[in-house]
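Here the structure comes first, spelled out in structure tokens, and everything after it is commentary.
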2 protein chains.
Amino acid sequence: MRGLTEKQKRILQLISEHIDTCGFPPTYQQMCDQLGFSSKNAIKKHIDALVAKGYLEKDSSPRGMRIVDPAYQPASLNESAVPLIGHVAAGFPILAEENVERYVPVPRHLITSEGRYFALRVRGDSMINAGIFENDLVIVKAANVAGHNDIVVALLGDEVTVKRLIVEPPLTYLKAENPAYQDIIPQESWTIQGKVVGLVRETMN
Amino acid sequence: MRGLTEKQKRILQLISEHIDTCGFPPTYQQMCDQLGFSSKNAIKKHIDALVAKGYLEKDSSPRGMRIVDPAYQPASLNESAVPLIGHVAAGFPILAEENVERYVPVPRHLITSEGRYFALRVRGDSMINAGIFENDLVIVKAANVAGHNDIVVALLGDEVTVKRLIVEPPLTYLKAENPAYQDIIPQESWTIQGKVVGLVRETMN
DNA sequence: ACAAAAAGTGTACGAGCGTACACGGGATTA
DNA sequence: TAATCCCGTGTACGCTCGTACACTTTTTGT
């Protein structure tokens, strides 16, 4: 993977931009028009050079190209998106479409193999000692069980809460990471919804 | 934008998966093969229905489709990737290609218009009271100046550090968010490299 | 029970796309 | 001066893709 000429860089950038804008790579003709060329062959030669140098992969059908170099990657392919659960409507399962506010990108290696994931906006400051602040988004792997000391998302009645799970047989309870809060030893039935595997903070003020 | 039939959902999902895998949408023929159909028209009708319902946009050239519904958005288009700066080689500008370790996806709305951004892995626990832990990735907007109370990335000699910027004329200094650390009132020359605008935590242990 | 919508097959066609080949010009190097 | 890249033009060709039309079957709704 050696150096690129200026024109070749321009081509890569053009492809990347087009994918960002339209969701798919451009045709040779479109790139011609955009660069003011009048022959598709100018493009083809650059593309061939890029393939030869390993920056691009091609399959010879229309728009059939894929950028290899991560520096020019449009936006994704090493990443994935998980649904951000907004207000949880009572009665609905937590992952129901009705609850999805938007989607949050996360590094793909957080999303190991299969398993459903979601994001949740944190309310309150009960976990500040674990570095989880109000309005942070926690990335959660859906699960019904979890281990000792895992940070989990639990459902108590209608309320969704993020706490540390403490397993000290015969006792299992939820612990806040903030001395101002007491442990929660639920009387009513409660369920684990998932395990926190990551965090995204979008506001720094 | 009304309800979809099961088959139509399947089609949307198929397109999304293909984009994830290959970087561009499939052709009608490819979708046929994958679903075991023997006529491209089956696909075309579903696609037309999806367009009519507003879930898809089409331009009548090969692979020319774009998913509108965010729930089926492949992985990107609402997100962007910023370079993760690994070890900073002395002498190199911080954003030099040599320093890039990999790319980190972040929500696009963090990346306002133009301006260069990067990510940095946090070393040490000097900012724990701001909820910034060791090994967290801070998302940084490159800048040479910053305001009072901003969390900034500063370069002191060869060392890159994350601290809160305190502007109390005539004094300007860096403050750690951890009582165990003292304020840094640099004698030598130092520069602001950028302002922290977000945070990503990939490890929760 | 009847009509309408959804789902799928088969054939044929025209246009757009990638490709191949021949050609010209400028810049750098031996 | 010749050789070699890099860059662009022009023409022609064949294949693939999206599209249109006719027809069948199953599911849904009133």
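Lettering follows sequence order; numbering is per chain, from 1.
- Side-chain atoms of B:Q34 and B:Q30 include no donor-acceptor pair closer than 3.5 Å.
- Rounding to whole angstrom units, NZ of residue B:K7 and C1' of D:dT26 are separated by 11 Å.
- Side-chain proximity of A:Q8 to the nucleotides D:dC7, C:dT9, C:dA7 is greatest for D:dC7.
- Note: A:L50 CG to A:K9 NZ = 11.5 Å, rounded to the nearest 0.5 Å.
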How would you summarise protein contacts on nucleotides 17-25 of chain D per nucleotide, using B for base, S for sugar-phosphate only and - for none, with heavy-atom distances below 4.0 Å?
SBBBB----

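- Counting to the nearest Å, the P atom of C:dG18 and the CD1 atom of A:I47 are 9 Å from each other.
- Separating the CD atom in A:Q29 from the NZ atom in A:K40 is a distance of 6.0 Å, to the nearest 0.5 Å.
- Counting only distance, with no hydrogens or angles, the side chain of B:E159 and the backbone of B:L156 share no donor-acceptor pair below 3.5 Å.
- The line from CD of B:E177 to NZ of B:K163 is 10.5 Å long, rounded to the nearest 0.5 Å.
- A salt bridge links B:R201 with B:D136: the distance from a Lys NZ or Arg NE/NH1/NH2 to an Asp or Glu carboxylate oxygen falls below 4.0 Å.
- At least one side-chain nitrogen or oxygen of B:H46 sits closer than 4.0 Å to the OP1 or OP2 atom of C:dA7.
- Across the protein-nucleic acid pair, B:K9 atom NZ and C:dA6 atom P stand 15 Å apart, rounded to whole Å.
- Spacing between atom CG of A:L56 and atom P of C:dG18 amounts to 12 Å, rounded to whole angstrom units.
- Spacing between atom CZ of A:F37 and atom P of C:dG24 amounts to 20 Å, rounded to whole angstrom units.
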